[in-house]
Number of protein chains: 2
Amino acid sequence: MSKSEPSHRRGQVVEDKILQAVIDVIAVEGTMAVKVDDVAAKAGVNKTTIYRRYPNRDDLVLAAVLAQADIAVPIPNLGDLRSDLLAMVQSVADTATSSLGRALLSASATSPELDAMRPRYWHQRFAAATEIIARAVDRGECAAPDDPALLVELTVAPIHFRASQTGGDIGDAFLQMLVDRLVASL
Amino acid sequence: MSKSEPSHRRGQVVEDKILQAVIDVIAVEGTMAVKVDDVAAKAGVNKTTIYRRYPNRDDLVLAAVLAQADIAVPIPNLGDLRSDLLAMVQSVADTATSSLGRALLSASATSPELDAMRPRYWHQRFAAATEIIARAVDRGECAAPDDPALLVELTVAPIHFRASQTGGDIGDAFLQMLVDRLVASL
DNA sequence: AGATATTGCAACTTTCAGTTGCGTTAGTTG
DNA sequence: CAACTAACGCAACTGAAAGTTGCAATATCT
């Protein structure tokens, strides 16, 4: 057992630099613009080192994205259902309009691995949101809904839809309207 | 006036073959799988000819997708509100799940033309859907809503959301639920 | 038929992904 | 501190696909 971490690693430092370089590129030019040679240069690392850690370009991009997505989605806790929902919905709107968010969440034009990652990301968010609702139920603010995840989904979808498709305005009025509809159905 | 089309063109025929070849590939394997050499082969045309018409690969794909997008969205008229809405919602689901539709509607910052086209596409669909509702109101099936376009938007968004983000199931049950919620709010 | 635009063809260059062998550096252990 | 070893740097590769160029062949219009 005393397997004292066979880690010979100066690795973690290098890995962080690499993934950060990838994220930097994605945020500005999108996932398609990520070139391994460029990443190596920006990270001050040799191309070979990258390929030693990630079998191919797609896996590299995926790892970077996952590292970003893993920063836990905060669960607002303001003590009031409407406030919590508004904070969460605002957070969704922020990522949906940020260039990094758009790059990460744009379907197609990416790798199958990224496609597989999106559902996990959203389930994470849904879990956070249902937690909000569960707390409100505990406080006696409202009745427990049949399918809280679905309600959250129907609330979040229009935000992403406007951001990625219609280009419609995503302002306070819109977000409040969505929250109102969710609360009304409780 | 007698500008008798300086067209020396045997071109239109060739152009159609090229774009059709691109569409064929997209429909099966997606936009990423489109290789200029392959397209040239499938279209029975030389690679040079393609590059004489389209400056680069992206513009070629874009041209093919835009040509497909111009086919008008049909407005179902089955004489019943629920039936019309279901048909329309089903049509949205079909395009959202087809690889051609995904190519059209995926938000990739790589083509401003596509970005500009998406809102128009959806407004066209919204117009068709509000037409459906307007007819139902005329028939006395329901009251006229404040903002029919918004209702349609909230109905369509979850479909596209599941198709492009969560990968959630888009079946009859889901579509009917969406339509039910729309009808209920009339 | 003759002029001209369009296409075919082949041999390029360029870019980027991914690989390989070997030398070098930096942690780990005694 | 010395030796061992994993991780890294370096350079020169291969391979696939994008994009280019000059010239010959062919279709279309007048």
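In what follows, every chain begins at residue 1, and chains take the letters A, B, ... in the order their sequences are listed. Owing to the predicted nature of the structure, the values given are computational and were not obtained by experimental measurement. Just so it is clear, the values below take in all heavy atoms, side chains as well, and ignore hydrogens, waters and symmetry mates.
- Following rounding to the nearest Å, B:Asn56 (CG) and C:dT13 (P) show an atom-to-atom distance of 22 Å.
- Ring geometry for A:Trp122 versus A:Phe126: interplanar angle of 30 to 60°, hence tilted.
- Between B:Pro148 and B:Ile133, the shortest heavy-atom distance links the atoms CB-CD1, 4.2 Å.
- Regarding contacts with the backbone of C:dT6, every side-chain N or O of B:Arg53 stays at 4.0 angstrom or more from both OP1 and OP2.
- There is no side-chain donor-acceptor pair under 3.5 Å between A:Arg118 and B:Ser164.
- Rounded to whole angstrom, the span from the CZ atom of B:Arg57 across to the P atom of D:dA16 amounts to 18 Å.
- Open room surrounds CZ on B:Arg120; 12 or fewer heavy atoms of other groups in view lie less than 6.0 Å from it.
- Between the side chain of A:Arg52 and the base of D:dG9, at least one donor-acceptor pair of N or O atoms lies under 3.5 Å.
- Remark on DNA chain D: of its neighbouring residues A:Val14 and B:Tyr51, the 5'-side contact belongs to A:Val14, judged by nearest-heavy-atom nucleotide.
- Per the geometry, OH belonging to A:Tyr54 stands 16 Å off P belonging to C:dA17, to the nearest Å.
- Between B:Ile50 atom CD1 and C:dT7 atom C1' there is a gap of 12 Å when expressed in whole angstrom units.
- We find that CG of A:Asp37 is positioned 14 Å from P of D:dG9, with the value rounded to whole Å.
- B:Val34 comes within 4.0 angstrom of the backbone, heavy atoms only, and of no base.
- Atom pair A:Lys35:NZ and C:dG18:P shows a separation of 14 Å (rounding to whole Å applied).
- In the model, A:Asp16 has no side-chain atom that pairs as donor or acceptor with a side-chain atom of A:Gln20 under 3.5 Å.
- Look at CE on A:Met32: it is 14 Å from P on C:dC16, rounded to the nearest Å.
- Using a 4.0 Å cutoff on non-hydrogen atoms, the parts of residues 40-48 of chain B near DNA chain D are B:Lys47, B:Thr48, ordered by number.
- The local environment of CG in B:Asp146 is sparse, with at most 12 non-hydrogen atoms from other residues, nucleotides or ligands closer than 6.0 Å.
- Closest approach of A:Leu86 to A:Gln176, counting heavy atoms only: CD2-CG, 3.9 Å.
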